[in-house]
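Residue numbers run from 1 in the order of the sequence given.
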Amino acid sequence: MKTRGKILLFALLSLWACANVVNAQEWKFGIKGGLNVSTITGLNDLMETAEMGSFSTSSKASCHLGVVAQCDFGGFFIQPELLYSSLGVKGNLSGESDALALDYIQLPVYAGYKFPIGESAKFLLAAGPYLACGVVGDFDIEGENFFKRFDAGIGIMAGVEVTKNAQISVGYDFGLLDIVNINGWKTAKDLYGLSTIANRNLKVSFAYFF
């Protein structure tokens with residue numbers, strides 16, 4: 001089974017697990033937002049190998065915002081989210097600086113455990129798959145569909161939950177799919193024998209549950 005199929009199956013199984021506990025457990029819902037610090041691995045190598053000019057990248061700061069749900073059962077928890085997340089990278093092409101923006105609607109589904117650290121606080125660790133669909137940004141370059149709009153990967157998260165309402169967390173998303181596709185190439189990775197050209201994102205988030 002290809003990587004995309006495995007991720008999709010994992011996400012569907014996670015959602016199925018959510019549905020099976022919804023009647024037996026209490027769900028809470030809220031909003032979530034915060035800072036993104038994103039980059040695209042392998043992009044420098046692609047530009048140099050394809051002889052598109054001298055190119056260097058650095059991380060791009062942006063944000064994410066959306067809704068979140070959570071269900072607790074015996075210390076374990078499931079936390080699906082629906083976020084508008086702005087990713088991309090800062091680049092310097094032949095001395096000219098610019099920012100590449102790739103904005104996605106992202107669906108992560110975390111599963112994890114909470115460790116009590118006081119009367120009203122808990123430390124949490126979680127991981128899970130995400131699916132994402134590109135909606136706005138620099139997906140098309142000079143009339144060509146340079147970046148694919150579908151992305152998927154694995155996210156990890158650690159944080160603190162204060163009382164039952166507030167959650168502060170740090171997470172990291174590992175994109176598992178090559179997101180570049182030019183002029184009908186299967187992937188730029190396959191064409192040039194490069195490492196995967198994929199999204200990476202460090203995020204700091206605050207969530208509030210009602």
Side-chain angles (χ1 to χ4, degrees), residues 2-4 7-8 11 32-66 81-108 110 127-158 169-206:
K2 293 183 178 180
T3 301
R4 182 182 298 185
I7 296 170
L8 180 59
K32 181 174 182 175
L35 171 70
N36 287 343
V37 181
S38 62
T39 189
I40 301 174
T41 64
L43 191 58
N44 286 1
D45 291 340
L46 170 63
M47 299 295 282
E48 292 176 5
T49 304
E51 298 181 351
M52 296 180 183
S54 176
F55 189 75
S56 61
T57 62
S58 58
S59 298
K60 171 179 172 285
S62 191
C63 63
H64 58 274
L65 181 66
E81 304 173 358
L82 184 63
L83 306 173
Y84 186 97
S85 188
S86 183
L87 305 181
V89 68
K90 286 185 177 179
N92 187 302
L93 178 61
S94 301
E96 295 186 9
S97 298
D98 198 4
L100 177 71
L102 302 175
D103 292 5
Y104 295 87
I105 297 295
Q106 186 184 50
L107 173 64
Y110 295 101
Y130 74 81
L131 302 175
C133 179
V135 289
V136 177
D138 302 312
F139 290 92
D140 298 327
I141 297 179
E142 295 183 354
E144 300 290 342
N145 181 215
F146 194 93
F147 291 101
K148 298 177 182 178
R149 290 184 179 268
F150 179 79
D151 189 27
I154 299 294
I156 58 174
M157 177 177 66
S169 63
V170 177
Y172 196 85
D173 291 338
F174 300 85
L176 297 180
L177 302 185
D178 191 297
I179 62 171
V180 169
N181 185 21
I182 309 173
N183 292 331
W185 301 345
K186 183 177 181 182
T187 63
K189 170 189 173 182
D190 293 337
L191 182 69
Y192 292 116
L194 303 173
S195 59
T196 300
I197 302 160
N199 283 315
R200 297 286 187 269
N201 185 38
L202 172 68
K203 53 190 180 185
V204 180
S205 308
F206 175 79

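Although no hydrogens or angles enter the test, the distance criterion places a donor-acceptor pair under 3.5 Å between the side chain of Arg200 and the main chain of Gly175. With hydrogens and angles ignored, the 3.5 Å screen pairs no side-chain donor or acceptor of Ser86 with any backbone N or O of Tyr104. Remark: side-chain polar atoms of Ser38 are paired, donor with acceptor, to backbone N or O of Gly88 under 3.5 angstrom. Lys60 places a side-chain N or O within donor-acceptor distance of the main-chain N or O of Leu87, the cut-off being under 3.5 Å.
Taking Ser85 as the reference, Asn36 meet the side-chain hydrogen bond (donor to acceptor under 3.5 Å, both in side chains) condition, with sequence neighbours excluded. For Ser205, the side-chain hydrogen bond (donor to acceptor under 3.5 Å, both in side chains) criterion is met by His64, not counting sequence neighbours. Evaluation of the side chain to side chain contact (heavy atoms under 4.5 Å, CB included) rule for Phe206 yields Ala166, Ile168, Tyr208 as partners, not counting sequence neighbours.
In summary, of the residues considered (Thr57, Val180, Leu100), a side-chain contact (heavy atoms from CB on, under 4.5 Å) with Ile40 occurs for Leu100 alone.
A heavy-atom distance below 4.5 Å is found between the side chains of Phe150 and Leu177. Phe174 has its side chain out of reach of Asn201: every pair of non-hydrogen atoms, C-beta onward, lies at least 4.5 Å apart. Counting heavy atoms from C-beta on, the side chains of Leu107 and Tyr130 never come closer than 4.5 Å.
Closest of all the heavy-atom pairs between Gly42 and Ile197 is O-CG1, 3.8 Å. Here the shortest heavy-atom pairing between Asp151 and Asn199 reads OD2-ND2, 3.1 Å. Here the closest heavy-atom approach between residue Ala61 and residue Leu35 is recorded as CB-CD1, 4.3 Å. Nearest approach of Pro108 to Leu83, heavy atoms of both residues: CG-CD1, 4.4 Å. Nearest approach of Ile154 to Pro129, heavy atoms of both residues: CD1-CA, 4.0 Å. Closest approach of Asp138 and Phe147 over heavy atoms only: O-CD1, 3.5 Å.
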Go through it in stages, so that I can follow the logic: the residues are Ser169 and Lys203, the test is side-chain contact (heavy atoms from CB on, under 4.5 Å), and I'd like the CA-CA distance, side-chain angles, deciding distance and then a yes or no. CA-CA 8 Å; Ser169 63; Lys203 53 190 180 185; over 6 Å; no
Under the criterion side-chain contact (heavy atoms from CB on, under 4.5 Å), I'd like the reasoning laid out for Leu102 against Phe139: C-alpha separation, chi angles, the key distance, then a yes or no. CA-CA 7 Å; Leu102 302 175; Phe139 290 92; 4.0 Å; yes
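To the nearest 0.5 Å, atoms CG (Asp103) and OG (Ser62) are separated by 6.5 Å.
Checked by atom type, the side-chain pair Gln106/Asp173 shows a donor-acceptor distance below 3.5 Å.
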